[in-house]
Visitor: 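If you scroll down you'll find the structure; I have some questions about it.
Note: hydrogens, waters and symmetry copies are ignored here, and every other heavy atom, side chains too, is used. Letters go in sequence order (proteins before strands), and every chain restarts at 1.
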Protein chains: 2
Amino acid sequence: MKKLRVLEQPCCAPGAPPLPRKSAEAIAERFKALADPARVSIVNRIAGQGEVCTCQLTGPIGLSQPTVSHHLRVLKEAGLIEVARRRGTWTFYRLVPSAMEQLAFAIGGSLEPGGVLVTDEPAAAV
Amino acid sequence: MKKLRVLEQPCCAPGAPPLPRKSAEAIAERFKALADPARVSIVNRIAGQGEVCTCQLTGPIGLSQPTVSHHLRVLKEAGLIEVARRRGTWTFYRLVPSAMEQLAFAIGGSLEPGGVLVTDEPAAAV
DNA sequence: CTGTTACATTGATAAACGTCAATGAAGAAG
DNA sequence: CTTCTTCATTGACGTTTATCAATGTAACAG
């Protein structure tokens with residue numbers, strides 16, 4: 001069982017205790033990885049297909065190969081994605097689920113596979 | 001049950017359908033608002049206290065008043081916070097819960113007030 | 001070996017961002 | 001009125017970021 005390194009509690013939930021500077025920086029670092037449309041798209045494609053190689057991304061996203069490679073690097077260094085496997089010259093990436101959970105957790109949410117829809121209705125009903 | 005304007009489904013959950021460019025930009029815009037340690041801290045303080053005025057932030061966060069004001073503006077324009085009330089020269093801000101929910105939802109999480117803690121450790125007291 | 005494919009890295013350039021000093025705007029108190 | 005307080009805005013500065021062309025690396029195929 002791996003421990004969450006960064007967050008012991010949600011940063012942005014009601015009643016949240018003051019956040020140490022270090023934690024704030026760590027959280028911001030993660031969010032920064034998702035603060036670009038290209039990277040959101042990349043993560044989305046990977047999420048939809050499970051494993052994706054670089055050449056499957058340049059076309060749909062409409063960016064050059066070096067640029068895509070750069071974004072993959074950023075995402076990888078943020079711990080959001082990782083290399084799933086290499087076959088020949090292909091490099092396949094996949095998501096790191098626990099990293100996504102950390103992000104959702106940081107905002108005060110949780111990963112709920114059952115899929116509760118988020119609405120503007122009072123959440124208490126859920 | 002009102003539907004989310006920006007996100008009809010999580011962008012980063014397994015099996016997610018391809019994300020339109022517009023949606024990717026909208027999501028990235030939201031994440032960008034949290035992609036700075038100062039703003040993470042600000043949101044955290046607001047979350048912990050419910051309503052906070054600008055002068056309560058400059059000290060703990062250690063930034064000048066104009067800088068804090070700038071970050072508050074960014075957060076406000078991203079729809080993450082809003083002006084709760086003005087009393088005299090004070091301006092009190094509060095979170096916009098639905099915006100937080102959207103963010104958590106985008107990553108594939110959901111806001112669960114009951115609090116299923118996402119951690120591999122035995123959940124510490126919230 | 002030669003050539004091709006997939007990906008990573010480097011270098012350069014333009015845009016965006018964070019920060020603060022200075023200034024402006026609006027209310028409260030005297 | 002004047003003065004003080006709180007907050008927002010402007011302007012300037014240095015840093016970071018996104019992007020691509022060019023180049024490098026590695027694994028195949030022949």
Visitor: If you link I, L, V, M, F, W and Y whenever their side-chain heavy atoms are under 4.5 Å apart, who else ends up in the same group as A:Trp90?
Guide: A:Phe92
Visitor: Could you check whether any side-chain heavy atom of A:Leu80 comes within less than 4.5 Å of a side-chain heavy atom of A:Val96, counting everything from C-beta outward?
Guide: no
Visitor: Out of the candidates A:Val83, A:Ile81, A:Val52, only one should pair with A:Leu72 under the side-chain contact (heavy atoms from CB on, under 4.5 Å) rule; please name it.
Guide: A:Ile81
Visitor: Starting at CG of A:Leu57 and ending at C1' of C:dC7, how long is that distance when rounded to a whole Å?
Guide: 12 Å
Visitor: Write out a two-atom table: protein N or O, nucleotide N or O from nucleotides 3-6 of chain D, distance below 3.5 Å.
Guide:
| from | atom 1 | to | atom 2 | distance (Å) |
| --- | --- | --- | --- | --- |
| D:dT6 | O4' | B:Thr89 | OG1 | 2.9 |
| D:dT6 | O3' | B:Thr89 | O | 3.4 |

Visitor: Tell me every residue that passes side-chain hydrogen bond (donor to acceptor under 3.5 Å, both in side chains) with A:Arg73, counting only those two or more places apart in sequence or in another chain.
Guide: A:Glu77
Visitor: Starting at CZ of A:Phe92 and ending at C1' of C:dT5, how long is that distance when rounded to a whole Å?
Guide: 13 Å
Visitor: Can you tell if the side chain of B:Arg45 reaches within under 4.5 Å of the side chain of B:Pro60, non-hydrogen atoms only?
Guide: yes
Visitor: How about CZ on A:Arg85, more than 12 heavy atoms from neighbouring residues, nucleotides or ligands closer than 6.0 Å, or not?
Guide: yes
Visitor: Ignoring hydrogens and angles, state whether a donor on the side chain of A:Arg30 or A:Gln102 is under 3.5 Å from an acceptor on the partner side chain.
Guide: yes
Visitor: Would you indicate whether the side-chain heavy atoms of B:Tyr93 and B:Ile46 approach each other to under 4.5 Å?
Guide: yes
Visitor: Give, ordered by number, those residues of residues 80-88 of chain B having at least one heavy-atom distance below 4.0 Å to an atom of DNA chain C; if nothing qualifies, reply none.
Guide: B:Gly88
Visitor: Can you check whether A:Tyr93 has a side-chain N or O nearer than 4.0 Å to OP1 or OP2 of C:dA8?
Guide: yes
Visitor: Should B:Ile27 and A:Leu34 count as side-chain neighbours, where that means a heavy-atom distance under 4.5 Å?
Guide: no
Visitor: Got a sec, which residues hit side-chain hydrogen bond (donor to acceptor under 3.5 Å, both in side chains) with A:Ser64, two or more places apart in sequence or on another chain?
Guide: A:Thr67
Visitor: Within this structure, what is the CD-to-P distance between B:Glu25 and D:dA18, rounded to whole angstrom?
Guide: 14 Å
Visitor: Just the rounded figure in Å: distance from C1' of D:dA18 to CZ of A:Arg73.
Guide: 14 Å
Visitor: In the 5'-to-3' direction, what one-character label does each nucleotide of nucleotides 15-21 of chain C receive under the scheme B = base within less than 4.0 Å of a protein heavy atom, S = sugar-phosphate only, - = no such atom?
Guide: --SSBBB
Visitor: Determine, for A:Glu82 against A:Lys76, whether the closest basic-nitrogen to carboxylate-oxygen distance falls under 4.0 angstrom.
Guide: no
